[in-house]
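Right, one structure below, let's go through it.
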Protein chains: 2
Amino acid sequence: MIVESTAIPPPGRREMRRASRREAILDVAQRSFLESGYAATTMNAIAAELGGSKGTLWSYFPSKELLFAAVLDRATASFRTQVAVVLNPADPPERAIRGFCRRFVERICRPESIALYRLVIGESQRFPEVGRIFYERAPAITRKIVADYLAGAAERGQLKIEDAMLAAEQLTHMCLAGMHQRFILGLLDKPSAAMIKAEADRAADLFLRAYG
Amino acid sequence: MIVESTAIPPPGRREMRRASRREAILDVAQRSFLESGYAATTMNAIAAELGGSKGTLWSYFPSKELLFAAVLDRATASFRTQVAVVLNPADPPERAIRGFCRRFVERICRPESIALYRLVIGESQRFPEVGRIFYERAPAITRKIVADYLAGAAERGQLKIEDAMLAAEQLTHMCLAGMHQRFILGLLDKPSAAMIKAEADRAADLFLRAYG
DNA sequence: GAAAAATCATACCGTAGAGTACGGTAATGA
DNA sequence: TCATTACCGTACTCTACGGTATGATTTTTC
């Protein structure tokens, strides 16, 4: 009564299992690292939450540091892909910039983003690469996208901008001005949609007032 | 041949000794916390660097957490007093704002300030008061000072500002736009005077362009 | 169905660090 | 002078955690 049903698995069934197990480990580890920081996260706790044994955990990630690096890598990758920013050159610049600000503020004020930022900053002293990797994969990429748009808008005569990179940096940081610092320091917990909109509009207003 | 020279010490000589010892402990602890973070700082190392014994250290601060709190308190207090900002209402606003920006950027990009900010952010998850205390004693106070100046300038017709608190927040955060994040993440080490000036002027320019 | 690989459960090792205990010694106060 | 208080040095306890070892059990592959 043995049916050969599973059709696909010539490319290895072990590999599949292994990959999904790896993901499961990273899920648990990421949650713990983001929630408690590096030092307060214990391998024992991760193994316990996984249900498996310690030996298995170590067979996937031979040290806590390597596990941490893998978590960081995955987290920034997810950030990167989610910055599918909607800066449409066909829109009038007010609309495009306002839309970007809202999306950006919403993104960076999510609890996971805040936790990631905290984690990176907290560990960037002990692991200097952490800060560099994060910077290159999150803020630098966003800035580049915004700068490209702004340069185009300047060419089309829609905005008066000399240094697009500088302007992009100013715009993104304006989006951080109010709530973000308070989130980072733990004075606020959950952003409401109204707060996000207000924050984004304030940033866009100032920017457009200066460069419009 | 014993001369009763020391004139003042009726208010206790033990207390003096004790106070200065306490300061010495805080000096060492602060350096270590700022340099290595909370977790990587050990009470043993502090005691060793002090030269004294562990028992003495514990007699001043009965736990690592309490020592940490005391360090934080002192560090933010020193920050607070150093924000003797020169926002002179008699100056023309361009001059006043430019001057403030330079001083402010210089202040927050100092290695000690960066280390403190990192420490606070890194631990504000585990010790939620840390973030709150820091916010109230450093960013909030600065913002208040700036807002008061801006409100005055608006009344005198020098600037077009509706919401002074908002504008103050935007101005101070503009000063953080470029270098500060890179310092925090460890991509830069020591700010040059030229970098500080350029950064401050960029922030002031944008602000004055929008509100001038 | 049997060999091989992965996983499990659990006990263990080494280290490190927070906090304690204690006997001896120097400074302080009356 | 004498009691007290603070300090020193050091050894110690206890706990936690990263990492290892091992033997049994399951799963995959052929």
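In this text, all values refer to a predicted model and were calculated from it rather than measured experimentally.
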In this structure, how many angstroms lie between the [atom2] atom of [N] and the [atom1] atom of [X], rounded?
X       : N      : atom1 : atom2 : value
A:Leu50 : C:dC8  : CG    : P     : 9 Å
A:Leu57 : C:dC8  : CG    : C1'   : 13 Å
B:Arg17 : D:dT4  : CZ    : P     : 20 Å
A:Phe68 : D:dG18 : CZ    : C1'   : 16 Å
B:Leu66 : C:dG19 : CG    : C1'   : 13 Å
B:Glu15 : D:dT5  : CD    : P     : 12 Å
A:Ile25 : C:dT7  : CD1   : C1'   : 11 Å
B:Met43 : D:dT13 : CE    : C1'   : 17 Å

> Are B:Arg21 and D:dC8 close enough that a side-chain N or O sits under 4.0 Å from OP1 or OP2?
Replying inline: yes

>> If the cut-off is 4.0 Å, is B:Arg18 near the phosphate of D:dC7, judged by side-chain N/O to OP1 or OP2?
In response: yes

> Of all the choices, D:dG18, C:dG17, D:dC7, which nucleotide is nearest to the side chain of B:Asn44 once you look at every atom?
Replying inline: C:dG17

> Nearest to the side chain of B:Lys64 - D:dG18, C:dG19, C:dT7?
Replying inline: C:dG19

> Base, sugar-phosphate, or nothing: which does A:Tyr60 touch, judged by heavy atoms less than 4.0 Å apart?
Replying inline: sugar-phosphate

Does [X] make a cation-pi contact with [Y], if we ask for NZ or CZ under 6.0 Å from the ring centre and within 45° of the axis?
X        : Y        : result
B:Arg95  : B:Phe100 : no
B:Arg118 : B:Phe183 : no
A:Lys144 : A:Tyr149 : no

> Side chain of B:Lys54, base of D:dG9: donor and acceptor closer than 3.5 Å?
Replying inline: no

> Quick one: are A:Cys175 and A:His180 in side-chain contact, heavy atoms under 4.5 Å?
Replying inline: no

> Which residue lies toward the 5' end of DNA chain D, B:Ser53 or A:Gly55, if each is placed at its nearest nucleotide?
Replying inline: B:Ser53

> Can you pull the salt bridge (Lys or Arg N to Asp or Glu O under 4.0 Å) pairs that have at least one residue in residues 28-48 of chain B, sequence neighbours excluded?
Replying inline: B:Arg31-B:Glu35, B:Arg31-B:Glu49

